[in-house]
Amino acid sequence: MKSRDAPRPSLEDRTVELARWTDDRFGVAKIGKTALNKIFPDHWSFLLGEIAMYTFVILIITGIFLTLFFVPSTHEVIYHGSYLPLRGQRVSEAYQSTVDISLNVRAGLVMRQMHHWAADIFAAAVVVHLCRIFFTGAFRRPRELNYMIGLTMLILVIVNGFIGYSLPDDQISGAGLRIAFSIFLSLPIIGTWGAFLLWGGNFPGNGDIIPRFYSLHILIIPAVIAGLLVAHLGIMWHQKHTDFPGKEKTNRTVVGSSFWPTYVAKTTGYFFIIFAGLALLGGLFQINPIWLYGSYEPFKVSYAVQPDWYMGWLDGALRIMPAWETQFAGRYLISAPFYPAVVLPGLTFTALYMWPFIEARFTKENRMEHHLLDRPRDRPVRTGLGVGVLSFYVMLFLASSTDVLANTLRVSLNGVLWTFRIGTPTIPIVVGLATYQICKELSRAPGAGLRKRSNVVVRSAEGGYTTVPANIRPGDFEGEPPPESLPEEAVPRGAMGDRRRRPDEGGEEVGVGVDRTEATAVTPPRRFGGFFRPWHRPAGNS
């Protein structure tokens, strides 16, 4: 029986007691300790994926705000709002509500522009992250599935971005919907049926397209992206991070910061930096001022109509593609948009999905696991091919501005068009071959890419100046002999200034750490591509 004079347990004691109660029933202490000790590499390029993740969070936050005021309807009304040039005009409810959000709702314009900027940066972060994955070989075994999940997210991001761009029903977005309808029509056999089913009749349809796009944009596609994002992170957590070659970095180790508290502090600050940057963009830089364009009228065509950047390559392909039409079976016609808007994206993403297996087949590396990344210069074929293909899509993106370029440069529109028709297939070949040669030269040059040793200008007592080499810093290269390693027993454990932690030291220290995965050599070292690489099978990844 407790005495009335016994001290009451403190909040800390109650928290500890609750934690023990939970651990006795669910065993979360071991799982939590493993999670908190997980190591994340410190290289800056690993933050590209976090930009995508955090902009997705900001998209959801700002999107919830916009759904409170947006009306997804094409029903026509007479505008009586605060924007004088539109007063008395017939507009759709979707367009009127978007103008009201921008001009009448408190903080509405900032939220709408933050949402739009976040969508553009989200797609850009996914694309740049994909480039990092490709050029460093992070898609190789055992990460093929995670690579394909990322590609699927990229497709959904592009589709959802286009749908969101179309919702305001302004003159620009209506032009995009008209192009999308033509692309649907170009599909062999099912094109007409599919387009009429989605739009509810011939273009512009019976007004069903905006409500249908709205459901896809705010509910279905974001839910699928969120599910794929969770799967992407879960697989990454299980397979551990890849890492660049360096000191203490092998195919079995990850060197960096522990999840708690170092990485949590860094990534939380990183989220607020991204949030602040998007708030600045939303507040200071105008994007998509639909009140200047007016509500969509199918018989009107505007000058300088370009989609958001992630659809620019498709728009450019549509512009420079010759008007080729094909008839088959005597009754079916494949119209011109089919080749640049259906065949080209199909080939693009099929090649991206298949690339891990294509490369593994040619390099004969499909039986080994890769946890260390490649430097792009060490893989000249992959890097040259990737840069060449990337420049092809950059040319297509530039081709989406043929009318703007012709007007700005005061040259013929046909001249600009034929310039892109010739340059788009030829320039990538030149760029790819040049990149391949540069990579070959860099891989042969000793010390290429390393920091050079600097010089120091010293003034003497007599007033003269002399130049002397500076002290050698880590990473310097100018022919100096590499530092000699100390014997293993001469390095006291736990005495390192950067507080490096090893799992076999108890895992109590935090900060910079090394995550070692126990490995079992299943075959002797084999020769691949001119150098030896052991084949390891991490015990936790089998």
Side-chain angles (χ1 to χ4, degrees), residues 1-42 46-47 49-61 64-65 146 149 222-223 225-241 243 248 252-276 492-519 538-542:
M1 182 176 180
K2 293 184 178 179
S3 171
R4 292 184 176 181
D5 298 332
R8 298 181 61 182
S10 64
L11 179 61
E12 182 179 357
D13 295 336
R14 291 181 180 180
T15 305
V16 172
E17 185 178 353
L18 177 62
R20 286 176 178 167
W21 185 90
T22 306
D23 184 50
D24 291 340
R25 285 153 183 81
F26 302 103
V28 296
K30 183 178 180 181
I31 301 174
K33 182 180 179 181
T34 303
L36 296 177
N37 286 333
K38 181 172 177 59
I39 299 301
F40 287 81
D42 293 326
F46 291 104
L47 298 177
E50 295 186 30
I51 296 177
M53 183 172 64
Y54 291 147
T55 48
F56 180 63
V57 173
I58 296 169
L59 275 172
I60 293 176
I61 295 173
I64 291 173
F65 178 89
N146 221 15
I149 290 175
I225 292 177
L228 291 175
L229 182 60
V230 171
H232 191 72
L233 296 176
I235 294 174
M236 184 274 293
W237 191 283
H238 172 71
Q239 294 179 339
K240 302 185 184 302
H241 252 293
D243 205 352
E248 292 191 348
R252 299 180 300 166
T253 62
V254 179
V255 179
S257 303
S258 58
F259 179 73
W260 177 264
T262 308
Y263 179 77
V264 170
K266 289 165 60 177
T267 195
T268 304
Y270 195 53
F271 169 76
F272 286 111
I273 290 173
I274 294 172
F275 193 96
R493 290 185 174 181
M496 302 179 73
D498 57 359
R499 305 180 67 194
R500 292 180 183 273
R501 178 187 59 76
R502 295 173 184 271
D504 57 356
E505 294 175 359
E508 296 297 330
E509 286 190 271
V510 295
V512 178
V514 181
D515 190 358
R516 295 184 182 278
T517 303
E518 293 187 8
N541 297 336
S542 60

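When a residue number appears, it is its place in the shown sequence, counting from 1. Just so it is clear, the model here is predicted, and its values are computed rather than measured.
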Qualifying residues under side-chain contact (heavy atoms from CB on, under 4.5 Å), relative to [X], sequence neighbours excluded:
X: Phe65; answer: Phe69, Val105, Met111
X: Thr22; answer: Leu18, Phe26, Val28
X: Ile61; answer: Val57
X: Pro41; answer: Phe46, His241, Asp243, Val254

Residues pairing under salt bridge (Lys or Arg N to Asp or Glu O under 4.0 Å) where one sits in residues 262-275, two or more places apart or in two chains, turn out to be Asp42-Lys266
Sorted by chain and residue number, the ring-ring contact (aromatic ring centres under 6.0 Å, His included) partners of His232 (sequence neighbours excluded) come out as none
Residues in ring-ring contact (aromatic ring centres under 6.0 Å, His included) with Phe275, at least two apart?
none
Results of side-chain hydrogen bond (donor to acceptor under 3.5 Å, both in side chains) for Glu17 - residues two or more places apart only
none
Restricting to side-chain hydrogen bond (donor to acceptor under 3.5 Å, both in side chains), what partner residues turn up for Asp23, sequence neighbours left out?
none
For the pair Phe40 and Phe259, name the ring-plane relationship: parallel under 30°, tilted 30 to 60°, perpendicular over 60°.
tilted
Rounded to the nearest 0.5 angstrom, the CD1-CD1 distance for Ile58 and Ile274 is 6.5 Å
Donor-acceptor check, side chain of Thr55 to backbone of Ile51, threshold 3.5 angstrom: yes or no?
yes
Could you check whether any side-chain N or O of Thr267 sits under 3.5 Å from a backbone N or O of Val264, counting only pairs where one atom can act as donor and the other as acceptor?
no
Looking at Asn146 and Met236, what are the two nearest heavy atoms and their distance?
ND2-N, 3.6 Å
